[in-house]
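Numbers for residues simply follow the sequence, beginning at 1. Quantities reported herein were computed from a predicted structural model and do not represent experimental measurements.
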Amino acid sequence: MSALLQHVAIIMDGNGRWAERRGLPRLEGHRRGLETVRVIVEETGRLGIPFLTLYSFSTENWRRPLQEVQGLLALFEEAILRYGEELKRNNVRVRFLGRRDGLPEHLKAMMHELEEQTAINQSLTLNLALNYGGRDEILRAVQRFQKAQGDWSTLSEETFRVFLDTENQPDPDLLIRTGGERRISNFLLWQIAYTELWFTDTLWPDFTVSHFHQALEDFARRKRKFGGLG
Ligand code: IPE
Ligand code: IPE
Ligand code: MG
């Protein structure tokens, strides 16, 4: 694995279509998507990539029918119950990115508990973006900055970035989007300034370790220049 690859971010799209194509309820697609999450988290740990960020629910996803939103929120609770112990055992540090208010109290408590219980873990840092929007994150960071010091004359990219939900984590090197759309959908707007993008038509429930490797191999061939001459 390339030493230059520290952080992978994924827009896990296509769950709904996966289910619809099979005549199943959309929620069944989200359930299958959770299986993919488990496989990819494990593989990321095995490869020794230190940071993985998964887009799980956007600030815009509240626009979906109530039944789907409620089903997703219930699925997040179920996922924490089912996989929390495994994550702890595997030394994974879990962080939630996004706006906490608006989420059910019970889920918020479970998220907080999992973060606390995994805070000292040192293998993979798994960021779960839940009720997350990139613009919302930037505005919340501005508010935090003002609360903490409020001296705009000292504001720089380096002093500002630590107020983002990703705090002092490295920016993603690679962003994968499954499900065929070629857009960012309000994900990590600040952090992806120089991220390499990789798109696939494969729907998230069909995404395998082999697709993941394909993305990583493609990344390894990219020449990053960051505005310089490389
Ligand atoms: C992504 O799958 C998961 C979430 C947004 C929660 P979608 O539910 O957007 O699946 P499609 O795009 O409708 O197929
Ligand atoms: C992005 O997928 C959000 C998540 C994967 C959680 P969407 O399906 O919500 O994005 P759009 O609506 O197609 O842009
Ligand atoms: Mg979608």
Side-chain angles (χ1 to χ4, degrees), residues 5 7-47 49 51-80 82-83 86-87 92 94 96-98 124 126-134 172-189 191-192 195-222:
L5 180 53
H7 188 169
V8 176
I10 308 181
I11 301 175
M12 311 182 288
D13 197 21
N15 294 347
R17 277 163 288 162
W18 184 93
E20 281 161 14
R21 282 175 198 175
R22 287 164 177 77
L24 297 169
R26 289 178 57 86
L27 202 61
E28 200 46 43
H30 297 310
R31 289 194 165 279
R32 283 296 297 257
L34 181 57
E35 302 303 317
T36 306
V37 167
R38 184 163 180 242
V39 169
I40 296 304
V41 168
E42 192 181 338
E43 181 63 7
T44 306
R46 200 186 66 79
L47 292 169
I49 300 168
F51 297 92
L52 175 67
T53 300
L54 301 178
Y55 206 2
S56 310
F57 190 86
S58 76
T59 47
E60 286 72 35
N61 286 146
W62 297 103
R63 294 176 184 154
R64 296 186 179 200
L66 186 64
Q67 194 192 355
E68 179 165 349
V69 170
Q70 284 179 340
L72 279 166
L73 295 173
L75 187 61
F76 298 142
E77 291 198 12
E78 191 185 314
I80 293 174
R82 258 172 71 193
Y83 299 122
E86 186 176 321
L87 291 166
V92 174
V94 180
F96 288 93
L97 314 182
L124 172 68
L126 174 62
N127 296 313
L128 299 171
L130 206 167
N131 197 16
Y132 175 89
D173 301 293
L174 172 65
L175 171 65
I176 295 172
R177 181 171 187 146
T178 63
E181 313 289 0
R182 267 73 174 157
R183 57 178 171 249
I184 298 301
S185 302
N186 203 12
F187 192 39
L188 299 176
L189 296 181
Q191 295 90 338
I192 61 168
T195 299
E196 298 293 327
L197 310 178
W198 194 83
F199 297 100
T200 176
D201 291 338
T202 303
L203 305 174
W204 179 248
D206 291 329
F207 191 77
T208 62
V209 163
S210 142
H211 294 112
F212 191 39
H213 288 175
Q214 228 175 293
L216 299 175
E217 281 158 23
D218 191 347
F219 170 83
R221 288 191 294 270
R222 305 270 180 104

Looking at [X] and [Y], what are the two nearest heavy atoms and their distance?
| X | Y | result |
| --- | --- | --- |
| L174 | A215 | CD2-O, 4.0 Å |
| F212 | V8 | CE1-CG1, 4.2 Å |
| P25 | A19 | O-CB, 3.2 Å |

Within the 4.5 Å heavy-atom criterion, are [X] and [Y] side-chain neighbours or not?
| X | Y | value |
| --- | --- | --- |
| L5 | F219 | yes |
| I10 | L175 | no |
| L188 | P172 | yes |
| Y55 | R177 | no |
| M12 | S56 | yes |
| L130 | F76 | yes |
| I11 | I176 | no |
| L24 | W18 | yes |

Given salt bridge (Lys or Arg N to Asp or Glu O under 4.0 Å), test R46 with E43 step by step and report yes or no. CA-CA 5 Å; R46 200 186 66 79; E43 181 63 7; 2.9 Å; yes
List in chain and number order the residues that pass side chain to side chain donor-acceptor pair (under 3.5 Å) with [X], two or more places apart in sequence or in another chain; answer none if no residue qualifies.
| X | value |
| --- | --- |
| T53 | H7, N127 |
| T44 | none |
| E68 | R26, H30, R64 |
| E60 | N186 |

Are the side chain of W204 and the backbone N or O of G33 linked by a donor-acceptor pair below 3.5 Å? yes
For the side chain of S58 and the backbone of G133, is there at least one donor-acceptor N/O pair under 3.5 Å apart? no
Please round to the nearest 0.5 Å and tell me the distance separating atom [atom1] of [X] and atom [atom2] of [Y].
| X | Y | atom1 | atom2 | result |
| --- | --- | --- | --- | --- |
| L75 | F57 | CG | CZ | 11.5 Å |
| L126 | I40 | CG | CD1 | 12.0 Å |
| E42 | L47 | CD | CG | 10.5 Å |
| D13 | E181 | CG | CD | 6.0 Å |
| Q67 | L27 | CD | CG | 8.0 Å |
| L87 | L124 | CG | CG | 9.0 Å |

Residue pairs passing the salt bridge (Lys or Arg N to Asp or Glu O under 4.0 Å) test where at least one lies in residues 201-217, sequence neighbours excluded: R182-D201
Give the C-alpha distance, both sets of side-chain angles, the deciding distance and a yes or no for side-chain contact (heavy atoms from CB on, under 4.5 Å) between N61 and L72. CA-CA 10 Å; N61 286 146; L72 279 166; 5.6 Å; no
Output, in order, the C-alpha distance, side-chain angles, deciding distance and verdict of side-chain contact (heavy atoms from CB on, under 4.5 Å) for Y83 and V37. CA-CA 11 Å; Y83 299 122; V37 167; over 6 Å; no
Assess whether side-chain contact (heavy atoms from CB on, under 4.5 Å) is satisfied between Y132 and F96, documenting all intermediate values. CA-CA 9 Å; Y132 175 89; F96 288 93; over 6 Å; no
Can you tell me if H211 and T208 form a side-chain donor-acceptor pair at under 3.5 Å? yes
Audit row: D173, T195, side-chain contact (heavy atoms from CB on, under 4.5 Å) steps and yes/no: CA-CA 5 Å; D173 301 293; T195 299; 6.0 Å; no
Ionic contact status for R17 with E20, cut-off 4.0 Å: no
If the threshold is 4.0 Å, N to carboxylate O, is there a salt bridge linking E28 and R22? no
Under the salt bridge (Lys or Arg N to Asp or Glu O under 4.0 Å) test, residues paired with D218 that sit two or more places apart: R222
